[in-house]
Amino acid sequence: MSFLVTRTLNSKAEPDFSDTSLWEIMLSCPLCKHSEFHNVLCVRDRHYGNSGSFQIVECERCGLRFLNPMPTALYLSKAYPEAYYAYTP
């Protein structure tokens, strides 16, 4: 799955990442759909310096580690510049 990003490198407006519409609380593992996971660690965006912290959890069944809550496509479009290398063909 790919996301289109719309923020420009020169954008001065800081997005409000506390806006809950930018996050999806995961009730099950995105890989195996198991509903039990535990917290692994809490991290910050050191690469772009986006505000806030991000909780990484691990699925009790398959071991997948993922962000929870998960950022939505709208969050990603606000958080990263248009030329972000992961979205450049």
Side-chain angles (χ1 to χ4, degrees):
M1 178 183 295
S2 64
F3 299 101
L4 294 176
V5 289
T6 57
R7 192 176 89 172
T8 63
L9 287 172
N10 296 327
S11 176
K12 301 276 190 236
E14 276 293 317
D16 178 12
F17 295 124
S18 65
D19 179 353
T20 57
S21 71
L22 298 176
W23 301 97
E24 178 183 356
I25 296 173
M26 305 302 290
L27 301 176
S28 62
C29 173
L31 183 62
C32 75
K33 306 303 181 208
H34 189 63
S35 62
E36 295 179 31
F37 24 85
H38 63 273
N39 293 338
V40 176
L41 63 126
C42 192
V43 297
R44 297 194 175 278
D45 179 357
R46 294 172 51 196
H47 188 74
Y48 279 99
N50 290 312
S51 62
S53 57
F54 307 90
Q55 185 65 48
I56 297 176
V57 299
E58 183 174 319
C59 176
E60 297 286 345
R61 179 184 290 157
C62 71
L64 178 71
R65 291 183 175 187
F66 57 95
L67 292 176
N68 196 19
M70 185 85 64
T72 63
L74 180 59
Y75 171 94
L76 295 174
S77 73
K78 293 175 180 251
Y80 298 99
E82 234 178 78
Y84 184 60
Y85 62 89
Y87 302 114
T88 305

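Model, not experiment: these values are computed from the prediction.
Evaluation of the side chain to side chain contact (heavy atoms under 4.5 Å, CB included) rule for Leu41 yields Val43, Ile56 as partners, not counting sequence neighbours. For Arg44, there are no salt bridge (Lys or Arg N to Asp or Glu O under 4.0 Å) partners at least two apart in sequence or on another chain. Applying the side-chain hydrogen bond (donor to acceptor under 3.5 Å, both in side chains) criterion to Ser21, with sequence neighbours excluded, gives Asp19. A search for side chain to side chain contact (heavy atoms under 4.5 Å, CB included) contacts involving Ile25 returns Leu27, Asn68, Pro69, not counting sequence neighbours. Applying the ring-ring contact (aromatic ring centres under 6.0 Å, His included) rule to Tyr75 yields the partners Phe17, Trp23; only residues at least two apart in sequence or on another chain are considered.
Atom CD in Gln55 sits 11.0 Å away from atom CZ in Phe37 (nearest 0.5 Å). To the nearest 0.5 Å, the span separating CD on Glu24 from CG on Leu67 amounts to 12.0 Å. Atom SG of residue Cys29 and atom CG of residue Leu64 lie 4.5 Å apart, to the nearest 0.5 angstrom. Here the CE atom belonging to Met26 is positioned 7.0 Å from the NZ atom belonging to Lys33, to the nearest 0.5 angstrom.
For residues 56-65, every residue pair satisfying the side-chain hydrogen bond (donor to acceptor under 3.5 Å, both in side chains) rule, not counting sequence neighbours, is listed here: His34-Arg61, His38-Glu60, Glu58-Arg65.
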